[in-house]
Each structure stands twice: as C-alpha cells, then as structure tokens.
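All remarks here apply to the structure that follows.
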Amino acid sequence: MRHSFAAIDFETANGRIHSICAIGVVTVDHGAVRERMWLVRPPGNRYVHENTALHGLTAIDTRTAKPFADVWPEAKRFIGNRTVIGHNMRWDAKALEAALAYYDKPVPRLRKGCSMDMAILVWPDRSDYKLPALCSDWGIDLNHHNALSDARAVAELVKVMLKIEKCDLSELLKRSKKGTSRRREEARLRAMKEKPPTEKQLNLMATLLHENGHSDPLIAIVRKVMEAEWDRAEVSIGIEAVKSGKDITITRPSRKQLKALTGTRFSTISRGNRFGVVFTV
C-alpha cells in the first residue's frame, strides 16, 4: 500500500516544555523518504544538565541557531499537508503549542497521529512501548534523543506496523484513536507488574489514607503490607480507588502472619469503614 506522512521529534533544553532546541522531521511519500534536522536556540539559550545528558546538546551548539519562531515556518513547509506522527505525540504537540505560544505565533491545524498508540494497538500484550524497546525488537537503528534519529525510527516503526496490519495509514490511525485511554492505562499497568512499589506511591497512599481519617498506626501497617506483598500496579490501582472514594482491601489470614510480616503485635483485627479488613494495634 502507498502511504504519506511526516515523522517528527522535538528535543528540549531544560524543564520548560517550550525550550525546543532541536527538530527532526522525516517525510515518507509512497516509499520516497526525505529528512531534515534543525538546531534551535531556546529562550535565553539556557540548558540544564539533565537534558544535555539525554541529547548531548549544549548552549555552544545553538548559540548561533535561529529561535523557534524563525525555524518553525521552514519545518512546517517541509512537513506540508502530511499527517504528522510522533512517539507519544501528546508531548510533541504540547511542546509545539507551548513554543508557538511563547513567541505569540498561531498554532497550525495539523492532522496528528501517535506511533505509541499505534504500537499499543498492534502489540497489545507488550509491557514496554518506549521507542528504544520497540526499535530493538524490530532491528531499527536508533540514537535515542537525537531528534533526526528519533524521527527516522518513528517512520520505520510506522512502516513496520502498516505492513503487519495490512491496512492504509488512515485506517490504522482511526483504530488507534478508539479506546486510546483504556489501552494506555492497561499498558501502563502491565509495565508496573511484578515491580516493587515506589516510595512516591507509598507516600501518596499514606497521605490519602491520612486525609480520609485513618490513624497513623493503621497507615504504617498498610504501608508495610503493600511494601512487602503488593506490586507497583496493585498499589497504583489502590491509589486510584481511594481517590475516587472506593474501598480497598488489605487482608491477611492470621494475626501470626501479620506479626511475621510487619514485626508488630496485634491485639485486635476488626472491620473498618474504608477497608474490607482493618488492622488496629
């Protein structure tokens, strides 16, 4: 089948999403491929170490580059009327909108697609939909966080998925946009399966339980049980349940097992309002 689209990638210089410092674009037109990369001078030409560590660019690289407001018109002409596809296009779209807003420029109406959403549709049982993992599995060359290399990899990945699905791009885009939120959430939970909960998750759960009026001793016990026996996905589901006012259940079959798990001696095990089983000291 014949396909036409433009794969895009933005890199940023610091924590501000409008601080675009590089743009990579690869156009695919019925097998013909063209590519361009632009270095961009971000506002103040300010970089932070964390971003430089990802893409290798510094203020020296972009000190003579044009600002985004002057580069984007050229990039937009190169893209033309093609559908624009990025990996996690939500982020790329936000970066584009923020950069244009910073320079008080209008946001163009673009037909957009997301190669990550396509991948979640095409390979529904994966736990990792990040670009490096997908490229590794399909033998696609990638110098991750180089804007042109990322855009080139997105283009190759889209071609792989179109070949697998045996459909045209418009059909794959349409299907990938239906039920996107649900599929993304399922993929997020798959990625967290069998991984220990994070400190951030446990602290958030403790805060939510405290706000719901539970005692500090009970919260400490729940935290220990989750830390020892729940995985990251289960804690995430529990957090969302508590946020929405639903019950979560912390169950253990015996006082002896609880003591072995938490190192705490229990005098009673009683039912409570927010748990199927509540432990009180």
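Small disclaimer: the values here were computed from a predicted structure and weren't measured.
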Is it true that Arg77 and Glu74 have a side-chain N and a carboxylate O under 4.0 angstrom from each other? no

Does Asp128 come within less than 4.0 Å of Arg190, counting only side-chain N to carboxylate O? no

Testing the basics here: between Asp141 and Ala153, what is the closest heavy-atom pair and its distance to 0.1 Å? O-CB, 4.2 Å

Name all residues meeting the salt bridge (charged side-chain N to carboxylate O under 4.0 Å, His left out) criterion together with Arg182; count only those two or more places apart in sequence or in a different chain, and write none if there are none. Glu186

Is Lys224 salt-bridged to Glu229, going by a charged N under 4.0 Å from an acidic O? no

Using the test ring pair (Phe, Tyr, Trp, His ring centres under 6.0 Å), find all partners of Phe68 that sit at least two apart in sequence or belong to another chain. Trp72

Please assess Asn203 against Arg223 for the test side-chain hydrogen bond (donor to acceptor under 3.5 Å, both in side chains), listing each intermediate value before the final yes or no. CA-CA 9 Å; Asn203 289 341; Arg223 182 187 179 105; 2.9 Å; yes

Below 4.5 Å, heavy atoms only, C-beta onward: do Phe5 and Val158 meet side chain to side chain? yes

Non-neighbouring partners of Arg175 that pass salt bridge (charged side-chain N to carboxylate O under 4.0 Å, His left out), sequence neighbours left out: Glu165

According to the side-chain hydrogen bond (donor to acceptor under 3.5 Å, both in side chains) rule, which pairs have a member within residues 91-110, sequence neighbours left out? none

Could you list the residues that satisfy salt bridge (charged side-chain N to carboxylate O under 4.0 Å, His left out) with Glu185, not counting sequence neighbours? Arg188

Where at least one partner belongs to residues 112-123, residue pairs that pass side-chain hydrogen bond (donor to acceptor under 3.5 Å, both in side chains), sequence neighbours excluded: His87-Ser115, Arg90-Asp117, Asp117-Arg184

